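Because the structure is predicted, anything quoted here is derived from the model rather than measured.
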Amino acid sequence: MYNVTYHRASSVEDAAKLAAGAAEAKFVLGGQTLIPAMKQRLAAPSDLIDLRHIAAMKGVTDSGGGIIIGAATTHAEVASNADLQAACPALCHLAAHIGDPHVRHMGTIGGSIANNDPAADYPAAMLALNARIVTNKREIAAADFFTGLFETALDEGEIVTAVKFTAPAKAGYAKFANPASRYAMAGVFVARSGGSVRVAVTGAGDNGVFRAENLEAALAGNFSPSALDGQTIDPANLMSDIHASAQYRAALVIAMAKRAVAAAG
Amino acid sequence: MSEVTMTVNGRKVSGSCEDRTLLAHFLRENLGLTGTHVGCDTSQCGACVVHVDGKAVKSCTMLAVQANGTDVMTIEGLAGDDLHPVQAAFREHHGLQCGFCTPGMIMAATDMINRHGPGNLDEKTVRGELEGNICRCTGYHNIVKAILAASEAMAKGAGAKAA
């Protein structure tokens, strides 16, 4: 790891100020992606701004109208939160299967979505739940936030502070995890609210997380796994690597979508 | 360079280290606590697991400065006059061969038992929870056996000194 100067931010404003004053700052929450990347010298920020101690960025609030999860809330906290267990257990299930217990004690929802790894779990949930990503400057719809591989709509120095969404009537998540890394080779989050169904796919698309509109249409009329019989995903826009070909991922997406719908009940 | 202060195994310690120093290296090199092992150095193997503020984390994936002000427990802090029940169970059930992964396994196991509550573990849960700890010798069988036995022993009160 190259040398770096560490700063512990006391507030969001403090963090933005610290970043503005640095040559090349990176914000860190749990650091479970960033620190390994720095160790491999794939990332070499001059300054690290630690957001983990900002109280305003932590915790879950369910204010009737909507659920707000602070960006610094860890995967373990999301997985075990009683309000979320009641409002959207699929999201707790998703968080409980990220990485391993030690990673879940450090890794956060804000860090995951700001990094937008194409195989990360949370982006699929955000897109399917039609969530809004709250930053220190604005709110961004999930559909506009995830713009490509490790790319987001965040400006330089902009900080994700929370995510907001309305609890769906039903939701489910299923992933086929890479046996070594546990990242999704295909992960599908389905959410049903009223008559509309949203299906978001992670781990498979060659440009990151995406919605599967044909699966949404099939499920809108009949929210059951059998509604997906005969449905296909075009492999042309899917990733192909040593772990799985695009064709295999296309088949996995349908299989995971069926499992997600079954899990949603 | 930063001044770092933390409580390690109940003792307040301070040290000076580069901001890029990993917690694992701070423990091993500044404090001489070499029970915490660095196995893969890529956040996968779990040999470096310690407890930070009561939670199991990979100390090779946390900077020492990030741990400034925390309470850290390493394998050296686990035993009292006698072995901790998890350590005793690993010995009794032959939960190790070369022993390299063992400190991380034991710290992961105590965290697991603490979170689920003593006596509340089954084999499937233990195997799932060991996702972040790799052992290349044992095939995990005796590790799982040891953790289940320790969990039961602690439930029966043998774990009065539990971490």
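- Side-chain atoms of B:Asn133 and A:His102 include a donor-acceptor pair closer than 3.5 Å.
- Between A:Pro101 and B:Glu131, the shortest heavy-atom contact is CD-CB, 4.5 Å.
- Neither the backbone nor the side chain of B:Met112 has a heavy atom closer than 4.5 Å to any heavy atom of chain A.
- Within a 6.0 Å sphere centred on CZ of B:Arg91, heavy atoms belonging to other residues, nucleotides or ligands number 12 at most.
- Few gaps surround CZ on A:Phe150; more than 12 heavy atoms of other groups in view lie less than 6.0 Å from it.
- The candidate from A:Leu48, A:Asn3, A:Val4 with the greatest count of non-hydrogen atom pairs under 4.5 Å with chain B is A:Asn3.
- The parts of A:Met1 that come within reach of chain B are both its backbone and its side chain, each placing non-hydrogen atoms under 4.5 angstrom from that chain.
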Pair B:Leu22, A:Lys39 - check side chain to side chain contact (heavy atoms under 4.5 Å, CB included), show working. CA-CA 10 Å; B:Leu22 298 169; A:Lys39 285 162 66 173; 3.9 Å; yes
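- Annotation: the span from A:His105 atom NE2 to B:Asp53 atom CG amounts to 11.5 Å, rounded to 0.5 Å.
- Between B:Asn68 and A:Arg8, the closest side-chain pair of non-hydrogen atoms falls below 4.5 Å.
- Neither the backbone nor the side chain of B:Ser2 comes within contact range of chain A; no heavy atoms are under 4.5 Å apart.
- Contacts with chain A were tallied for B:Val49, B:Val65, B:Thr42; B:Val65 has the most, counting heavy-atom pairs under 4.5 Å.
- Contact between A:Arg52 and B:Gln66 at its shortest, heavy atoms only, is NH2-O, 3.5 Å.
- Atom CG in A:Asp100 sits 3.5 Å away from atom NZ in B:Lys58 (nearest 0.5 Å).
- Proximity to chain A (any heavy atom under 4.5 Å) is shown, for B:Asp41, by both the backbone and the side chain.
- B:Arg20 CZ to A:Ile35 CD1: the interatomic distance, rounded to the nearest 0.5 Å, is 14.0 Å.
- Counted within 6.0 Å of NE2 on B:His141, heavy atoms from surrounding residues, nucleotides or ligands total 12 or fewer; the atom is thus considered open.
- The contact between B:Glu18 and chain A is made entirely by side chain atoms (from C-beta outward), counting heavy-atom distances below 4.5 Å.
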